[in-house]
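Here the structure comes first, spelled out in structure tokens, and everything after it is commentary.
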Amino acid sequence: MTRQVTLFTSGSTGTPKKVVHDRSTFFRTAQFLWQHTQLTKNDLILNIFPTHTIAHWIFCAVHAQVSKADMICPIFRPKEFWNMVLEYKPTFIPLAIRTIRTLSKLDMPYLYWHPQFLTGSAKVEQEDIDFLIDKGASVVWNAYGSTEFPPPIFLGESTASFNIPRFCKFADDGELYMGSTPTGDVFDLETKTFSHRKKEEIGVTWKS
């Protein structure tokens with residue numbers, strides 16, 4: 001039986017990209033995430049990512065398996081989303097940042113039970129995080145590199161800046177390298193925030 005799984009990114013940074021992973025990486029990622037979220041059997045994960053995406057498995061399905069949390073997978077209807085959230089009261093809500101920005105315009109209610117949020121992939125601004133905190137989020141996990149290169153290599157806790165591991169290497173212009181492979185992603189090393197994505201000159205990066 002093959003140990004490799006072919007899935008796709010969520011498309012939050014553009015066209016969904018095919019990525020092949022060993023199944024064990026999903027569990028390593030879920031364990032890494034669980035160390036921070038500390039979900040339990042009393043928690044409920046809201047999963048709106050399609051099943052063919054890595055985000056579905058890493059942030060939701062395997063995370064639920066590791067933490068023993070429950071999970072619901074409703075059909076995503078933006079205009080009905082907040083009513084559904086109020087009905088089910090999920091305690092962990094992973095959403096792409098573009099989705100959050102869209103949903104924030106649809107009369108987002110105050111989430112009085114204080115769920116955790118997780119977002120990432122594209123550039124997250126501090127104002128995005130502060131908005132969710134003001135709306136009741138207990139914490140907003142800002143994840144980078146968590147779908148294409150699990151486990152997540154950067155994770156910020158309610159901040160747009162990241163805790164950058166020592167093993168990461170950067171070029172003079174701030175481009176991140178994984179080993180000898182350029183990612184095409186540029187960081188502001190003073191603020192430790194994601195800056196922008198370079199044009200894929202060679203077409204072979206971990207986000208291509």
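Numbers for residues simply follow the sequence, beginning at 1. Computed from heavy atoms alone, side chains included, the values below leave out hydrogens, waters and symmetry copies.
The neighbour count for Lys68 NZ, taken as heavy atoms of other residues, nucleotides or ligands under 6.0 Å away, does not exceed 12. Counting non-hydrogen atoms of other residues, nucleotides and ligands closer than 6.0 Å to CG of Asp188 gives a total above 12. Within 6.0 Å of CZ in Phe170 there are more than 12 heavy atoms belonging to other residues, nucleotides or ligands. The number of heavy-atom neighbours closer than 6.0 Å to NZ of Lys135, taken from other residues, nucleotides and ligands shown, is above 12. No more than 12 heavy-atom neighbours from other residues, nucleotides or ligands sit within 6.0 angstrom of CG on Asp107.
Side-chain N or O atoms of Trp57 include one that pairs as donor or acceptor with a backbone N or O of Thr51 at under 3.5 Å. A donor-acceptor distance shorter than 3.5 angstrom exists from the side chain of Thr91 to the backbone of Leu44, with no hydrogens or angles considered. Although no hydrogens or angles enter the test, the distance criterion places a donor-acceptor pair under 3.5 Å between the side chain of Thr53 and the main chain of Pro50. Looking only at distances, a side-chain donor or acceptor of Gln116 sits under 3.5 Å from a matching main-chain atom of Thr37. Formation of a donor-acceptor pair under 3.5 Å by the Gln4 side chain with backbone atoms of Asp22 is not found in this model. Put simply, the side chain of Ser158 gets close to the backbone of Val140: a donor and an acceptor are under 3.5 Å apart. Side-chain atoms of Thr119 do not come within 3.5 Å of backbone N or O of Asn142 as any donor-acceptor pair. Judged by distance alone, with hydrogens and angles left aside, the side-chain atoms of Trp82 form a donor-acceptor pair with the main-chain N or O of Leu103 at under 3.5 Å. Distance alone, capped at 3.5 Å, is enough to place a donor-acceptor pair between the Gln38 side chain and the Gln35 backbone.
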Using the side-chain contact (heavy atoms from CB on, under 4.5 Å) rule, take Phe162 and Thr193 through it: C-alpha gap first, then chi angles, then the decisive distance, then the call.
-> CA-CA 6 Å; Phe162 295 103; Thr193 58; 5.5 Å; no
Worked check of side-chain contact (heavy atoms from CB on, under 4.5 Å) between Ile100 and Asp128 | CA-CA 8 Å; Ile100 288 175; Asp128 297 316; 5.7 Å; no
Could you walk me through whether Asn83 and Glu87 pass the side chain to side chain donor-acceptor pair (under 3.5 Å) check?
-> CA-CA 6 Å; Asn83 287 334; Glu87 178 182 357; over 6 Å; no
Apply side-chain contact (heavy atoms from CB on, under 4.5 Å) to the pair Val124 and Phe194, showing each step before the final yes or no.
-> CA-CA 8 Å; Val124 176; Phe194 176 78; over 6 Å; no
What's the verdict on side-chain contact (heavy atoms from CB on, under 4.5 Å) for Val62 and Phe27, showing C-alpha distance, side-chain angles and the deciding distance?
-> CA-CA 7 Å; Val62 183; Phe27 285 92; 3.7 Å; yes
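Phe154 and Phe187 have perpendicular rings, their planes meeting at more than 60° on a 0 to 90° scale where under 30° would count as parallel. A tilted orientation is assigned to the rings of His36 and Phe32, their planes being inclined by 30° to 60°.
Side-chain contact of Arg98 with Thr102: a donor-acceptor pair under 3.5 Å is absent, judged by distance alone. Checking Tyr144 against Asp185 by side-chain atom types alone, a donor-acceptor pair falls below 3.5 Å.
Counting heavy atoms from C-beta outward, Phe49 and Cys60 have side chains that approach closer than 4.5 Å. A 4.5 Å side-chain heavy-atom check between Leu46 and Met71 finds every atom pair outside the cut-off. Within the 4.5 Å cutoff, the side chain of Ile48 has no heavy atoms near those of the Cys73 side chain. Counting heavy atoms from C-beta outward, Phe92 and Ser67 have side chains that stay 4.5 Å or more apart. Between Leu118 and Leu33 the shortest side-chain heavy-atom distance falls below 4.5 Å. The shortest side-chain heavy-atom distance between Met108 and Leu111 falls under the 4.5 Å cut-off.
Clustering ILVMFWY residues whenever any of their side-chain heavy atoms sit less than 4.5 angstrom apart, transitively, puts Tyr110 in the very cluster that holds Ile129. Put simply, Leu176 and Val186 are part of two different groups of oily side chains (I, L, V, M, F, W, Y) that touch within less than 4.5 Å, one to the next.
Atom NE2 of His21 sits about 5.5 Å away from atom CD1 of Ile58, to the nearest 0.5 Å. Taking CE of Met84 as the start and CD1 of Ile75 as the end, the distance is 10.5 Å to the nearest 0.5 Å. The structure places CG of Asp70 at 9.0 Å from CG of Asn42, a figure rounded to the nearest 0.5 Å. Distance CD1/Ile164 to CG/Leu189: 6.5 Å, rounded to 0.5 Å. The CD atom of Gln126 lies 11.0 Å from the OG1 atom of Thr191; values are rounded to the nearest 0.5 Å. Ile45 contributes atom CD1, which lies 11.0 Å from atom CD of Gln65 (distance to the nearest 0.5 angstrom).
Aromatic ring centres of Trp34 and His63: separated by at least 6.0 Å.
For the residue pair Thr25 and Arg28, the shortest heavy atom distance occurs at CG2-NH2, 3.0 Å.
Among the candidates Phe76, Phe81, Phe59, the single residue satisfying the side-chain contact (heavy atoms from CB on, under 4.5 Å) test with Leu95 is Phe81.
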